[in-house]
Every structure is written in C-alpha cells, then in structure tokens.
Amino acid sequence: MNNPNYNKIYSDLIEKEFPERRKELNPLLSKEIKTSLEFIEIHRSIFTHQTKEMHAFNQKLHSYDQISIQKIIEYQRVNKINNIQTSKLFGISRNTLAKWKSQFPLSL
C-alpha cells in the first residue's frame with residue numbers, strides 16, 4: 001500500500017487555507033516527509049493556534065512509525081530525561097512511552 005503524498009496534501013491545504021503564510025511554510029515542504037515525526041512537526045507549524053480541545057482531539061489521532069518511536073526513545077536516552085519530560089516534550093502519554101520502550105529496546 002502506498003503512503004499518502006503529505007507534501008501535496010499540505011501544499012494544497014496551505015494554498016487554500018493559509019495563502020498569506022505560503023512563503024513561511026513552503027520551506028517545510030521542500031523535502032519529502034518520510035517519518036511520522038516529520039509529519040507531526042509540519043502539522044504543528046501550520047496549525048500553531050489551536051484550541052485545547054482541538055489539540056487534544058488531534059493528539060488522539062497521531063500514529064507513530066517504528067523509526068519515529070526509536071528516535072523518541074533515543075532522544076530520551078541521549079538527553080538523559082525521564083518518561084514524564086519526554087512525554088510532555090513529544091505530546092504522548094507516559095504509558096505509551098513505557099510500552100514503546102518495552103517493545104523497542106535499544107541495542108547498546
């Protein structure tokens with residue numbers, strides 16, 4: 001199954017909803033979106049002014065690929081931060097992070 005062309009989707013969205021921010025946001029779309037972390041970063045950049053309710057709803061819809069999960073776990077290990085700090089930084093629950101750490105242990 002092919003992945004959606006997020007670059008095209010976001011380009012169209014910017015053109016339709018945020019034409020005044022086109023110059024600011026186009027550099028984000030210059031490279032291909034390969035991981036869910038890149039996708040979420042672009043999404044956060046576009047939708048900077050969300051209500052708390054909208055943010056909570058969108059957060060429930062996020063999904064992470066294995067590469068992104070491993071990058072999050074590696075970031076936590078390298079920066080020597082705990083699960084609470086990591087979960088706040090990336091907007092995920094502590095339980096999800098703990099589950100990921102048991103499913104995807106880093107090889108040392």
Side-chain angles (χ1 to χ4, degrees):
M1 186 169 154
N2 293 334
N3 290 333
N5 185 348
Y6 292 116
N7 293 73
K8 176 72 172 144
I9 292 169
Y10 278 118
S11 294
D12 292 346
L13 177 72
I14 291 167
E15 191 67 38
K16 183 177 180 183
E17 299 293 327
F18 307 103
E20 69 281 357
R21 295 181 62 201
R22 187 178 330 133
K23 284 188 179 183
E24 170 194 347
L25 297 172
N26 273 342
L28 292 173
L29 301 174
S30 62
K31 65 177 186 162
E32 184 181 351
I33 301 170
K34 294 181 182 176
T35 67
S36 56
L37 282 178
E38 293 170 346
F39 169 78
I40 291 168
E41 181 62 36
I42 290 172
H43 185 83
R44 285 182 183 164
S45 298
I46 293 173
F47 299 101
T48 54
H49 303 292
Q50 289 184 346
T51 64
K52 286 185 179 183
E53 294 82 19
M54 183 61 83
H55 177 72
F57 177 74
N58 285 336
Q59 189 61 36
K60 290 179 184 178
L61 301 176
H62 285 174
S63 65
Y64 295 84
D65 57 355
Q66 185 173 351
I67 294 168
S68 298
I69 292 170
Q70 289 173 334
K71 284 183 180 181
I72 291 170
I73 295 170
E74 177 68 14
Y75 181 88
Q76 180 185 22
R77 187 184 66 76
V78 167
N79 291 291
K80 298 178 180 157
I81 56 178
N82 61 32
N83 284 0
I84 294 171
Q85 294 166 320
T86 306
S87 64
K88 285 182 181 179
L89 181 65
F90 289 99
I92 55 178
S93 77
R94 294 176 296 123
N95 292 334
T96 299
L97 185 59
K99 183 175 99 177
W100 288 349
K101 288 169 71 174
S102 66
Q103 287 179 339
F104 304 105
L106 289 175
S107 56
L108 300 175

Enquirer: Measure the CZ-NZ distance between Arg77 and Lys101 for me, rounded to the nearest 0.5 Å.
Expert: 11.0 Å
Enquirer: If you measure from CH2 on Trp100 to OG on Ser93, what distance do you get to the nearest 0.5 Å?
Expert: 8.0 Å
Enquirer: Using atom types as modelled and distance alone, determine if a side-chain donor or acceptor of Ser30 lies under 3.5 Å from a backbone N or O of Pro27.
Expert: yes
Enquirer: Return the CD1 to CD1 distance between Ile9 and Ile14, rounded to the nearest 0.5 Å.
Expert: 12.0 Å
Enquirer: Run Ile72 and Tyr64 through side-chain contact (heavy atoms from CB on, under 4.5 Å) and show every step you take.
Expert: CA-CA 10 Å; Ile72 291 170; Tyr64 295 84; 4.1 Å; yes
Enquirer: Quick check against the 3.5 Å criterion: does Gln70 have a side-chain atom that pairs as donor or acceptor with the backbone of Ile67?
Expert: no
Enquirer: For Asn7 and Glu32, which heavy atoms make the closest approach, and how far apart are they?
Expert: OD1-CA, 3.8 Å
Enquirer: Pick out which of Lys16, Glu15, Arg21 makes a side chain to side chain contact (heavy atoms under 4.5 Å, CB included) with Phe18.
Expert: Arg21
Enquirer: Give, for atom CD1 of Ile81 and atom NZ of Lys88, the distance between the pair rounded to the nearest 0.5 Å.
Expert: 11.5 Å
Enquirer: Say you draw a straight line from CZ of Phe104 to CD1 of Ile73; how long is it, rounded to the nearest 0.5 Å?
Expert: 7.5 Å
Enquirer: When rounded to the nearest 0.5 angstrom, what is the spacing between CG in Asp12 and CD in Glu17?
Expert: 11.0 Å
Enquirer: Looking only at non-hydrogen atoms, find the nearest pair between Ser87 and Leu97 and report the distance.
Expert: N-CD2, 4.3 Å
